[in-house]
Amino acid sequence: MSGFIAALLWVGLVVFVGFTARKIRQYWKTPAPLKIPTTPAPVTQTGVVFRMAREVVLFESLFKSNKWIWVFGWMFHLGLLLAFFRHLRYVVSPENFMWPVISNVIVQSFGQYAGFAMVAGLFGLLARRIVVERIRYISSPSDYLMLLMLIVIGVSGLVMSFVSHIDVVQLKMFVMGLFGFDFQNLPESGALLIHLLLVVVLLLIFPFSKLLHAPGVFFSPTRNQIDNPREKRHLAPWAAEKYNDHVDK
Amino acid sequence: MADFETPEIKEFIGIPALQEGSMAHSSPFIAKPDHQESLGFPGELVENWQQVALEKMDDLRTRYRSFQVFLDSCVKCGACTDKCHYFLGTADPKNMPVARQDLLRKVYRRYFTVAGKYFPKLVGAADLTEEVLDEWYSYFHQCSQCRRCSVFCPYGIDTAEISMAAREIMDAVGKGQKYCNEIIGKVHTIGNNLGLPGKALANVLEGLEEDVEDDTGVAVKFPLDVKGADILLVTPSADFFAEPHIDGLIGYAKVFHETGASWTLSTTASEAGNFGMFIGSYENMRRVSMRIRDAAKELGVKRIIFGECGHAWRIAYSFLNTLCGPFDFLDQNYPIPQHILEYTWGELEKGTLRINKEENDHMTLTFHDSCNVARGSRMGDYPGGQFDYPRNVIKAVCNNYVDMDPKTTKEATFCCGGGGGLLTDDLMEIRVKGVLPRATALKSVVENEGVTHMAAICAICKSQFTKTLPYYGFTMDQIVSVHQLVSEALVMKGSEQEAELDGTDGDDTEE
Ligand code: HEM
Ligand code: SF4
Ligand code: SF4
């Protein structure tokens, strides 16, 4: 069983990294032929970096848009981020230079409760999806399933943290072994099995689903372009080739 | 008046309960074969249209990053669902921005993504059928490409980009919209959207010179095709004949006259509007824009200034340099191109214009931010200048000014309901319903703050408002051009108004 899970995790990781990288490459390679920042927009590169940071860290546009979605969405993502950092202690050994960051108080103590924030946020989002007529209208089965899956991942994690504790030392050996190709046994736990299997599913669907919003946001031309079209001529390669014959070479 | 019910105007802009299919019947007239063909599109629906449509979609997603990223990234969070004026006015759920995008996205998913190929039901993917094409035609012509949804989406997903792509795909299969494509044809052949030939234009301008002289005693010129002038003014052709647009044109001319500017209009570039953007066609947008470059070169001008027009200013400001720059033959000391409000505000700041605000005292003004100016362009050299310049100018020439509800102005402004190629009689119902949010905000300041008039800086807004606001009990003449206000208050040297004001009038009778 442990070997099977280990293999699945590897498949999941490879698919996730490989296909997400392919998507990012696609976004990177595809030109934005026209200047379309949603204005008012920053007029400098630094300004754009700040705008993007506000979007990614604070969900600024969502805040302007809808406070409920913002609250739940932000709770979920912040919880997810902290939980992610907390998980790194399974991967990183105490000698690693990253250790002080991962083992610090914030990540490890707040991180423990971050799971609750994450699950609460997810329930809030799910409730809106079911209750608000407009959001129900735009939802496909996959939208509900995605939330349910994350809820089960979160809840099974919380169960291991707070209800039926598992052997963390053995888990760490499993994970280190996973990356060292020296496969160790998993601790016996139903919750852990569910947790890991769904994480594999998450990794597998990430590059093929709306989860692409995570890389996508950085490539959104309405948010990442500098508002300077009068000062600097912007020209896509295909347009330069096809539609630039009025310019003397 | 029409075969639909005008929505009831309430005290606040409310979010309606969904009424599925309530606007499914709304579709504009289809372009005739010769209009299609003159733009390089097939005359009518081609035999293998599915294949052509999918190939076009594939082509667009490799050339437009926005299209590819926006198709993938939507998380269906629902934040945009209550942001579109067409949804607020019609309650049709397919007018919610995300649902409008999904009409196209479901096809993208079906043919271009792993999830949609193997699990279409699960992820809401669908085959490209004739019904889907009809739905595209209907609902992508119920989007004015105003970008309000893009402001509120956490990833900036701009439904305008999706609409433009959809219209380009429909043009490619031979199902174009009559209104847009006919007009673009007229610009290509005659030089303006109205098909107003050079001779007629010259007559109009001559008439205006007479009117202004009668009115003020000053011989203000409206020059046409003057070689060697400094400034080429490019303005929407509605400025030559429609009300209140024409009063704006008189305003520009008076400001130029008073500042001693050497300027000219051009017959071949007698149109600032560019419907190439509405149909998403880079090629047509460029062809239309090139007339301006060519006219500027031919006349040997040093500067290009644009008159009051929303989408024209977006294209001028954001795209002109891309489409037909570089403009190294123009004077680099001025913005290229420049907005007439940048010019006028600059002169007002310098103090070159004498203003008698009292001329506008019979009005209390409010200002409608045009969507394309607000969210797709800028004025001045700092972000948000596009909100200040018009307000600065209005306040400099009027004593009474009030803003509407901030949820309906500046970057959150509501479209007039007639933009994006929808300003046609065959789409009257969606236009009347789409103006509801703006009408609601206007009504509130009329009732509570005593506002009498609303100023606008866009030819489409002005036409749309004068036509649709009467459905809600307003009158046509409540819509004014910003430069009309300037025109009223401007006291030109040597004018009758100056004489009256300074008491040097020969026969001063009453005060
Ligand atoms: C750069 C990193 C990310 C940013 C900026 C970001 C941002 C957002 C925002 C603004 C929303 C919409 C509001 C909401 O519904 O919560 C959202 C939704 C969502 N995000 Fe992320 N996200 C990121 C990474 C991730 C990751 C790594 C996951 C994976 C597990 C994820 C899963 C989701 C899900 C499932 C939703 C939809 C929630 C719903 O159904 O309502 N996000 N994200
Ligand atoms: S661009 Fe404007 S009209 Fe189109 S969907 Fe968005 S809000 Fe509605
Ligand atoms: S706000 Fe953006 S991400 Fe959310 S549903 Fe609308 S388009 Fe999709």
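Residue numbering restarts at 1 for every chain, and letters A, B, ... go by the order of the sequence lines. The figures here come from the full heavy-atom set of this structure, side chains too, leaving out hydrogens, waters and symmetry mates.
Side chains of Y317(B) and D227(A): a donor on one and an acceptor on the other come within 3.5 Å. For the residue pair Y243(A) and E283(B), a side-chain donor N or O sits within less than 3.5 Å of a side-chain acceptor on the partner. With 3.5 Å as the limit, one finds no donor-acceptor pair spanning the side chains of S150(B) and T222(A).
No donor-acceptor distance shorter than 3.5 angstrom exists from the side chain of T30(A) to the backbone of R65(B), with no hydrogens or angles considered. Side-chain N or O atoms of S61(A) include none that pairs as donor or acceptor with a backbone N or O of P154(B) at under 3.5 Å. Side chain of R63(B) to main chain of P33(A): no donor-acceptor pair is present (N/O by atom type, distance under 3.5 Å, no hydrogens or angles). Using modelled atom types, one side-chain atom of T39(A) and one backbone atom of S377(B) make a donor-acceptor pair closer than 3.5 Å. Using modelled atom types, one side-chain atom of S142(A) and one backbone atom of L122(B) make a donor-acceptor pair closer than 3.5 Å.
Your options are D143(A), I205(A), N66(A), N224(A), and the one with the most heavy-atom pairs under 4.5 Å with chain B is D143(A).
When all heavy atoms of Q68(B) and Y27(A) are compared, the closest pair comes out as CG-CE2, 3.8 Å. A pairwise comparison of heavy atoms in P40(A) and G384(B) identifies CB-N, 3.5 Å as the closest pair. Heavy atoms only, all atoms of each residue included: P31(A) and T62(B) are closest at CD-O, 3.6 Å. Considering every non-hydrogen atom in both L212(A) and S73(B), the closest pair reads O-OG, 4.1 Å. Shown here for S220(A) and Y155(B), the closest heavy-atom pair between the two residues is OG-O, 2.7 Å.
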Given the rule in the side chain to side chain contact (heavy atoms under 4.5 Å, CB included) test, do S318(B) and L34(A) qualify, once you have shown the distances and angles that lead to the verdict?
CA-CA 8 Å; S318(B) 291; L34(A) 294 165; over 6 Å; no

List the steps, then state whether side chain to side chain contact (heavy atoms under 4.5 Å, CB included) holds for M146(A) with V75(B).
CA-CA 10 Å; M146(A) 185 94 72; V75(B) 295; over 6 Å; no

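In this structure, the separation between CZ on R286(B) and NZ on K242(A) is 11.0 Å, given to the nearest 0.5 Å. Atoms CZ and CD1, from R314(B) and I36(A) in turn, are 7.0 Å apart once rounded to the nearest 0.5 Å. Taking CG of L323(B) as the reference point, atom NE2 of H246(A) lies at 8.5 Å (rounded to 0.5 Å).
Contact annotation for P215(A): neither backbone nor side-chain heavy atoms come within less than 4.5 Å of a heavy atom of chain B. Within the 4.5 angstrom heavy-atom criterion, only side-chain atoms of K83(B), from C-beta onward, approach chain A. When heavy atoms are compared at a cutoff of 4.5 Å, C74(B) approaches chain A solely by way of its backbone atoms N, CA, C and O.
Proximity to chain B among residues 229-239 of chain A is limited to P229(A), R230(A), E231(A), K232(A), R233(A), H234(A), L235(A), W238(A), A239(A), judged by heavy-atom separations below 4.5 angstrom. Residues of residues 129-140 of chain A having a heavy atom under 4.5 Å from any heavy atom of chain B, listed by number: R129(A), E133(A), R134(A), I135(A), Y137(A), I138(A), S140(A).
Note on D72(B) versus K210(A): no salt bridge recorded, every NZ/NE/NH1/NH2 to OD/OE distance being 4.0 Å or above.
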